[in-house]
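Each chain gets a letter, A, B and so on, in the order the sequences are listed, and its residues count up from 1. In this text the structure is predicted, and so the values were computed from the model without any measurement.
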Amino acid sequence: MKRIKIKEILRSENEKKQVLVKGWIRTKRESKDFSFLEVNDGSCLKNIQIIADTALSNYSEIEKITTGSAVSISGKLVESIGGGQKWEIKAETIDIISFAPETFPLQKKRHTDEYLRTIAHLRPRTNKYSAVFRIRSELSYAVHKFFHDQDFQYVHTPILTSSDCEGAGELFRVTTLDLNNLPKLDKKIDFRKDFFGKEANLTVSGQLSAEMFALAFGDVYTFGPTFRAENSNTARHVAEFWMIEPEMAFCDLNQNIVLAETLLQYLVNHVLDNCDEDLTLFANFVDKQLRSTLLSIVSSGFIKLPYTDAIEQLMKAKISFEFPVEFGKDLQSEHERYLTEEVFKKPVVIYNYPKNIKPFYMRLNDDNKTVAAMDVLVPRIGEIIGGSQREERLDVLEKRMEENNLNKEDYRWYLDSRRFGSVPHSGFGLGFERLIMLMTGITNIRDVIPFPRTPKNIEF
RNA sequence: UCCCCAGUAGCUCAGUCGGCAGAGCAAGUGGCUGUUAACCACUGGGUCCGCGGUUCAAGUCCGUGCUGGGGAGCCA
C-alpha cells in the first residue's frame, strides 16, 4: 500500500477503511486502555492523532515510543470522538522504524530560536521551522511561476567568477593551491599555477552575466546563491544567501520599479492564498501585525520618492536621528525605517540616488549628479530590493569606470555588450531570505535559511 | 570591525548583601484519565562557559578569553 501524506488525510471528506502513514512522533499521551500518538510527516503543520490500543501485538514496544521516533502506521481513518481534531487513525499495525533515545534534543515545549540554531539539523522537525521552510519552498515556486508566466527566461549565471567583478564587497577566494606551500613569482603568489590560471572567487551577484542574456533574450532572471565575505554580524546578513535578479532589455527605471512592485505583490498574494495554515502560526506567535503588514503591501501601490524628496522628508522629521541627514550621503538604517515604518507605513521606493554612493554600472541621469538607481524599502527589514537602469552608453560607462579606478581590460566582455547593439536595460536584486522574513515576521535572517553561514559559523 | 547585554540541570530560567545549588518542563518509576504542550506522586540529574585574580569563603566581585544575543557599519 502506498503511504498517504497527512496533508491529504486531513482534507478527507469520508472515513477510509485503510490508510498508511509514515512520520515522526511529536508527542504521546497514555491512557489506561490505549495511547494517543501524534505523528507529523512535514507535509503540513498539523499532526495526525493515532489511537494505539493495548490489544496491539507490540503494545509493550509502543509504550516505549519517544518523541522524535520514526513510525509507520496503518489503520482505519475515522472521525475523532474527542474535540480538537476532525480525523484520527485507529491503528491496526504500528511499526517502529527507529527509536529516538531520550537524548533527542527537541521536547514538546517551546524552545528559543537561539537554541534551535545550535541544532539546525533538527529544527525543521519543529512547528515553526517546518512552517518557515514550507513557505520558503512555496515562494521559490511562486518566483519561477511569476517569471515563467511573463515569458522571462531563467538563466544560470556562474557561481565561480574571476576576480574583481563589481570591485565592491569582500569576496570568497576559490583556489586549489596548497595554502601551506604557495607557488611564488617575484615574492607574490603565482596564480598561473592555480586551477583557473588566475585568481577566482565566488560570485557576489549574477547581474553582469544576466545583462548579457537580457541583451539576447529580452527578459531574463536568475535565482541562485550568492556569497559575500563581509564581516557582517547583524540579523539581516549572511555570507551565503539567495537572490532573485531579473534583467530586462528595452526597460527604463520606471518600468523596472513597476516590475519590482508587481513581483512583490504577486509573491505576497501567492503566500496569502496558498500558505494560510503556516501563515496563521506566524500571525499568532511571531508577529501579531503580520497580516496587516502583508495586506498593506498588496492593497495599494508603493510610495515612490526621489532621493532628494526623501532627504527633504527626513530633514523635516520631528524625531532626532543618531546620524544626521545630509544630501549626498547614503540613508542610514534608522532613516529607511522611519520612512517605511513611521511616515508611510508601507513599502517605499527611493530612486535617483547621488552617483558617488552607487556603483559604476548605474545609468547617469541628465543632471550629471544622480544615477537611475532604486531601492525598495519595507517595514522591519529595510532594503529588500536594490536595482537600477544600467548605463548603456559606452563612452559614459567607460568614464564612470575610470572614475572608479576599474581596469577596463577586466571588463572587456561587459563593455562589448555596449559596443554591439546596446539598448537601455534595467534590473534589480531581490534578497530571498529578506523576502521570507517579510512574509513570516521572523526577525533574524539565520532562521529563514536551512543552514546559515555567518562569520565564524559554518557548522552543519 | 565597533558599542551594549548574556552564559547556572537535557531545555527555559530564578539565585537577595559574597556564606550549604533551586524551580518548571524533559527523563525514569508508579497511579489516573478520549487525551490535546494531558494530569498526580515519587526518583535520578550540576566542570554554575574557560583561564587567572581578590577573599576565611566566589554562581555572585575584578581581569581576560571563548560563545551567543541586541544595536551600528557594509548590503540583498
Side-chain angles (χ1 to χ4, degrees), chain A residues 26-38 46-53 63-64 66-68 78-85 88 90 100-119 126-127 166 168-170 204-207 223-245 260 285 321-323 329-337 357-359 375-378 381-387 428-438 443-449 454-457 459:
Chain A
R26 280 296 176 78
T27 176
K28 177 186 65 172
R29 294 179 290 273
E30 289 177 351
S31 264
K32 194 174 186 181
D33 301 319
F34 51 86
S35 291
F36 297 98
L37 305 177
E38 288 212 31
K46 287 207 174 83
N47 307 321
I48 184 82
Q49 177 164 287
I50 311 291
I51 310 299
D53 198 278
E63 276 188 301
K64 289 187 220 143
T66 48
T67 300
V78 295
E79 282 197 44
S80 181
I81 301 164
Q85 62 281 318
E88 65 189 20
K90 206 154 167 19
E102 62 275 8
T103 50
F104 183 59
L106 292 172
Q107 297 157 25
K108 41 189 180 183
K109 58 169 268 187
R110 205 188 155 275
H111 291 285
T112 61
D113 294 323
E114 291 79 11
Y115 171 66
L116 291 170
R117 231 170 270 153
T118 69
I119 49 167
T126 64
N127 287 342
E166 261 192 84
E170 295 293 316
V204 294
S205 164
Q207 180 200 318
F223 184 6
T226 303
F227 307 88
R228 306 259 168 107
E230 301 287 351
N231 189 13
S232 297
N233 290 286
T234 80
R236 298 182 307 282
H237 292 86
V238 276
E240 178 184 277
F241 63 98
W242 287 62
M243 192 154 62
I244 296 142
E245 296 178 288
F285 301 118
F321 294 111
E322 193 186 337
F323 296 92
K329 285 200 168 170
D330 212 351
L331 301 182
Q332 304 285 321
S333 287
E334 55 174 345
H335 304 148
E336 296 179 348
R337 293 188 63 165
I357 56 171
K358 290 291 181 185
D375 286 351
V376 179
L377 314 177
V378 294
I381 290 148
E383 187 178 343
I384 195 168
I385 285 177
F428 59 82
L430 165 62
F432 190 52
E433 282 74 22
R434 290 186 182 177
L435 176 70
I436 300 166
M437 292 168 77
L438 178 69
T443 52
N444 195 314
I445 197 167
R446 289 160 213 178
D447 297 335
V448 298
I449 189 165
T454 50
K456 301 279 183 293
N457 184 4
E459 214 184 341

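Considering only side-chain atoms of A:Glu114, the nucleotide from B:G68, B:C74, B:C11 that sits closest is B:G68. Taking only side-chain atoms of A:Phe323, from C-beta outward, the nucleotide of B:A72, B:C13, B:C74 with the closest atom is B:A72. Relative to the side chain of A:Thr112, the nucleotides B:A76, B:U12, B:G68 differ in distance, and B:U12 lies closest.
Remark: A:Lys90 pairs with no residue by the salt bridge (Lys or Arg N to Asp or Glu O under 4.0 Å) rule, at least two apart or across chains. Partners of A:Lys456 according to the salt bridge (Lys or Arg N to Asp or Glu O under 4.0 Å) rule, which considers only residues two or more places apart in sequence or in another chain, do not exist here. With sequence neighbours excluded, the residues forming a side-chain hydrogen bond (donor to acceptor under 3.5 Å, both in side chains) with A:Asp113 are A:Lys128, A:Tyr129, listed by chain and number. Shown here are the ring pair (Phe, Tyr, Trp, His ring centres under 6.0 Å) partners of A:Phe428, two or more places apart in sequence or in another chain: there are none. Taking A:Phe321 as the reference, A:His335, A:Tyr338 meet the ring pair (Phe, Tyr, Trp, His ring centres under 6.0 Å) condition, with sequence neighbours excluded. A:Arg446 is linked by a salt bridge (Lys or Arg N to Asp or Glu O under 4.0 Å) to nothing, counting only residues two or more places apart in sequence or in another chain. For A:Glu79, there are no salt bridge (Lys or Arg N to Asp or Glu O under 4.0 Å) partners two or more places apart in sequence or in a different chain. In terms of the ring pair (Phe, Tyr, Trp, His ring centres under 6.0 Å) criterion, residue partners of A:Phe34 (sequence neighbours excluded) are, by chain and number, A:Phe36.
Within the 4.0 angstrom heavy-atom criterion, no nucleotide atom of any strand lies near A:Thr118. Backbone-only engagement by A:Arg446 is indicated by non-hydrogen atom pairs under 4.0 Å involving sugar-phosphate atoms exclusively.
Across B:C4 and B:U47, the matching P atoms stand 32 Å from one another, rounded to whole Å.
Residues A:Asn457 and A:Glu334 both approach RNA chain B. Their nearest nucleotides, taken by heavy-atom distance, put A:Asn457 toward the 5′ side.
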For nucleotides 49-51 of chain B, give me every protein contact, N/O to N/O, under 3.5 Å, one pair per line with atom names.
none

Nucleotide N/O of nucleotides 6-8 of chain B paired with protein N/O under 3.5 Å:
none

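As rounded to whole Å, 15 Å separates atom P of B:C25 from atom NE2 of A:His111. Rounded to whole angstrom, the span from the OH atom of A:Tyr115 across to the C1' atom of B:C25 amounts to 13 Å. When the C1' atom of B:C74 is taken as reference, atom CZ of A:Phe227 falls 19 Å away, rounded to whole Å.
Within 3.5 Å, a donor on the side chain of A:Ser232 pairs with an acceptor on the base of B:C74, or the reverse.
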Generate the contact string for nucleotides 29-38 of chain B. Rules: B means base contact, S means sugar-phosphate contact only, - means no protein heavy atom under 4.0 Å.
----BBBBBB
Let me have a per-nucleotide readout for nucleotides 42-47 of chain B, 5' to 3', with B, S or -, counting only protein heavy atoms under 4.0 Å.
------
